[in-house]
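Here is how names work: the chains are called A, B, and so on, in the same order as the sequence lines, proteins then strands, and each is numbered from 1. Just so it is clear, the model here is predicted, and its values are computed rather than measured. Scope of the values below: all heavy atoms of this structure, side chains included, with no hydrogens, waters or symmetry mates.
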Number of protein chains: 2
Amino acid sequence: MPVYQPSDMRVTQQSAAATHTADCVIFGFAEGDLRVLLVRRAIAPFAGYWVLPGGAMGAGENLDATARRVMSELVGVRDLYLRQIGTYSDPDRHPVRRVVTTSYYALVRPEHHAPTARDYLTEARWFSIPDVPELGFDHSRLLTDAHARLTLHLRTRPLAFDLLPARFTLSEVHRLYQEILGETLDRRNFRRKLLSYPFLIETNQKRQGVKGGPLLYRIDRAALDRELA
Amino acid sequence: MPVYQPSDMRVTQQSAAATHTADCVIFGFAEGDLRVLLVRRAIAPFAGYWVLPGGAMGAGENLDATARRVMSELVGVRDLYLRQIGTYSDPDRHPVRRVVTTSYYALVRPEHHAPTARDYLTEARWFSIPDVPELGFDHSRLLTDAHARLTLHLRTRPLAFDLLPARFTLSEVHRLYQEILGETLDRRNFRRKLLSYPFLIETNQKRQGVKGGPLLYRIDRAALDRELA
DNA sequence: ACAAAAGTGTTTCTCTTACACCCATGA
DNA sequence: TCATGGGTGTAAGAGAAACACTTTTGT
């Protein structure tokens, strides 16, 4: 009886018949606050509970593809910022059968794809983070973990631009960061840091309808991707 | 036909019968270099290839428990530093059946548990990182990712002490960091930083057999855990 | 005694933080 | 014209980086 077995050798022996799903923590930024997209379950278990949107991994796709599919079905976007957070596998996390879930977080612009508008149809809604109720399954935990990861990433890398429209003012970025991080940031210091980024490009347009006539900026996407690599 | 479906609703529909395994990237530090524990496959696929040790998730355990079990069977340790890295799910990553793997990295002290000694039995061996051959499956990728994550963590948090014996000299920590990060670190600056940690405790013993007669230090484990929390 | 490694402080520089007034636009 | 938000610079402090000689021990 060999003591050490490569991963494949145990597969049949103790394998648990688990379904694998990808659950998405989709963050958006609207009307000055950070929101997350939740869906409401119509069936047991956790009927009536709000949960993270998710779906089972298909035969020909990996989990990233599953997450993208879920997102595109739900908010109709592709090519967004998507990132794997972690895998949750407690045996009893699903009360009926064994389900292992890998969570992702995504950043989108809610005003571009508004499942809120189809609320009556879909039971999908944006929630401000403080308003999120207790979720079904262990999804409150997944949400907390994803939010923690998002703030961590935000503190270390300039990746919040996926939450903003293509053209934005520096004040909008400022408010976004303050909202997500939950703290006030010195305006001048923040602007200086932003302006030091090579991927931030000043347009010569101004935002209309706002006092002070703030300049609009846009992102050089290629340069940003280089920065994040 | 509802457009949005909570995760549970799709489970039966497109579920792929995937086995779920935990694969462990076990790092150790011996004779001045960073090593990783690999096992050799005896059977197809990838017979003769070195791979990361792993095992299938059991019915009553979560993946963390699986990883711990694999580790304890392999190197006979419990209570080590273990951390989930990511989940790999490409449909063809296993040439025979569908296997989804969650990878973990762990830090141990090779001299305390030496699978190398039982080499003839086990086909388990410590490899210096530069000597690692091309691995079976996608394990080269898992190893690369885990190593990247380890260096990232090491740069931000003082967690390398699980790789060292209970009592160690500051020079040993210094060499460890240099080895893992792959760069030289100023000795005085490094010592100053180490000495500023409240969990580092000076013993009044000196290491024998080493010129200079360096002082031995130990870790206040509770204080360290507080620091890492 | 000599070779090798341990131990020790100070200066410079960079980055972060704190802070207040003028300007442009909309109402 | 006035109220609101946008735009700008400088000084102090904290943390990181650079740098060389003396002490201890083994051989």
Side-chain angles (χ1 to χ4, degrees), chain A residues 29 31-33 151-158 160-161 164-165 167-198 200-219 227, chain B residues 29-33 151-158 160-161 164-165 167-219 227:
Chain A
F29 187 68
E31 291 159 42
D33 52 38
T151 60
L152 180 71
H153 286 162
L154 217 60
R155 273 178 215 280
T156 52
R157 338 194 113 195
F161 299 102
L164 291 165
R167 310 216 154 189
F168 49 85
T169 69
L170 296 189
S171 292
E172 286 162 2
V173 188
H174 185 222
R175 283 191 292 268
L176 170 66
Y177 268 77
Q178 291 191 138
E179 171 65 20
I180 299 182
L181 300 180
E183 65 194 65
T184 64
L185 302 168
D186 181 88
R187 195 154 54 93
R188 276 173 293 187
N189 292 337
F190 185 80
R191 293 172 69 90
R192 179 180 19 253
K193 178 167 241 174
L194 275 187
L195 289 170
S196 76
Y197 290 134
L200 191 74
I201 297 169
E202 179 182 322
T203 70
N204 44 20
Q205 302 167 26
K206 292 184 170 188
R207 171 79 74 209
Q208 300 300 318
V210 173
K211 293 177 182 175
L215 269 175
L216 287 168
Y217 289 79
R218 65 184 178 82
I219 289 298
E227 201 82 7
Chain B
F29 187 68
E31 291 160 42
D33 50 39
T151 60
L152 180 70
H153 287 163
L154 216 59
R155 274 178 214 281
T156 52
R157 337 194 114 193
F161 299 103
L164 290 166
R167 310 215 155 189
F168 50 85
T169 69
L170 297 189
S171 293
E172 287 162 3
V173 188
H174 185 222
R175 282 190 293 267
L176 170 66
Y177 268 77
Q178 292 192 137
E179 171 65 20
I180 300 182
L181 300 180
E183 64 193 65
T184 64
L185 303 168
D186 181 87
R187 196 154 53 94
R188 276 172 294 187
N189 292 337
F190 185 79
R191 292 172 69 89
R192 181 182 15 256
K193 177 168 244 176
L194 275 187
L195 290 170
S196 76
Y197 290 134
F199 53 78
L200 191 75
I201 296 170
E202 178 182 323
T203 69
N204 43 20
Q205 302 166 26
K206 293 184 171 188
R207 171 80 74 208
Q208 301 299 316
V210 174
K211 293 177 183 176
L215 269 175
L216 287 168
Y217 290 79
R218 66 184 177 83
I219 289 299
E227 202 82 6

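The distance between atom CZ of A:Phe168 and atom P of D:dG5, rounded to the nearest whole Å, is 21 Å. Nucleotide D:dA11 holds its P atom 16 Å from the CG atom of A:Asp186, rounded to whole Å. If you take CG of B:Leu215 and P of D:dT24, they are 12 Å apart, rounded to a whole angstrom. Between the C1' atom of D:dG7 and the CZ atom of A:Phe190 lies a distance of 15 Å, rounded to the nearest Å. Put simply, CG on A:Leu195 is 9 Å from P on D:dG7, counting in whole angstrom units.
Applying the 4.0 Å criterion to OP1 and OP2 of D:dG6, one finds that A:Ser171 has a side-chain N or O inside that range. For the OP1/OP2 pair of D:dG7 and a distance below 4.0 Å, the side-chain nitrogens and oxygens of A:Arg191 include at least one atom meeting the criterion.
Among all heavy-atom pairs drawn from A:Leu154 and A:Ala160, the shortest one is CD1-CB, 3.6 Å.
Relative to the axis of its first five pairs, the axis of the last five pairs of the helix from C:dA1-D:dT27 to C:dA27-D:dT1 sits at 10°, rounded to 10 degrees.
Atom CZ of residue A:Arg218 and atom CG of residue A:Leu164 lie 15.0 Å apart, to the nearest 0.5 angstrom. A distance of 10.5 Å separates CD1 in A:Ile180 from CG in A:Asp33, rounded to the nearest 0.5 Å. Atom CD1 in B:Ile219 sits 10.0 Å away from atom OH in B:Tyr197 (nearest 0.5 Å).
Remark: B:Tyr177 pairs with B:Phe190 by the ring-ring contact (aromatic ring centres under 6.0 Å, His included) rule, at least two apart or across chains. The side chain to side chain contact (heavy atoms under 4.5 Å, CB included) search around B:Leu195 returns B:Leu170, B:Leu200, B:Tyr217, not counting sequence neighbours. With sequence neighbours excluded, the residues forming a side chain to side chain donor-acceptor pair (under 3.5 Å) with A:Gln178 are A:His174, listed by chain and number. Scored by the side chain to side chain donor-acceptor pair (under 3.5 Å) test, B:Asn189 finds B:Asp186, B:Arg192 as partners (sequence neighbours excluded).
Applying the side-chain hydrogen bond (donor to acceptor under 3.5 Å, both in side chains) test to pairs two or more places apart or on separate chains, those with a residue in residues 202-216 of chain B are B:Glu172-B:Arg207.
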Sort me out a list of protein N/O and nucleotides 14-16 of chain D N/O pairs below 3.5 Å, or just none if empty.
none

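Where A:Tyr217 and A:Arg192 meet DNA chain D, the nucleotide closest to each residue was compared, and A:Tyr217 sits on the side nearer the 5' end.
Contact annotation: side chain of B:Arg187 to base of D:dA18, donor-acceptor pair absent below 3.5 Å.
Near DNA chain D, meaning a heavy atom under 4.0 Å from it, residues 202-212 of chain A has A:Lys211, A:Gly212 in order of number.
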*Apply the test side-chain contact (heavy atoms from CB on, under 4.5 Å) to residues B:Leu216 and B:Thr169: give CA-CA distance (whole Å), side-chain angles for both, the deciding distance (0.1 Å), then the verdict.*
CA-CA 5 Å; B:Leu216 287 168; B:Thr169 69; 3.9 Å; yes
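In the 5' to 3' direction, nucleotides of DNA chain C lying under 4.0 Å from heavy atoms of chain B begin and end at C:dA4 to C:dT10.
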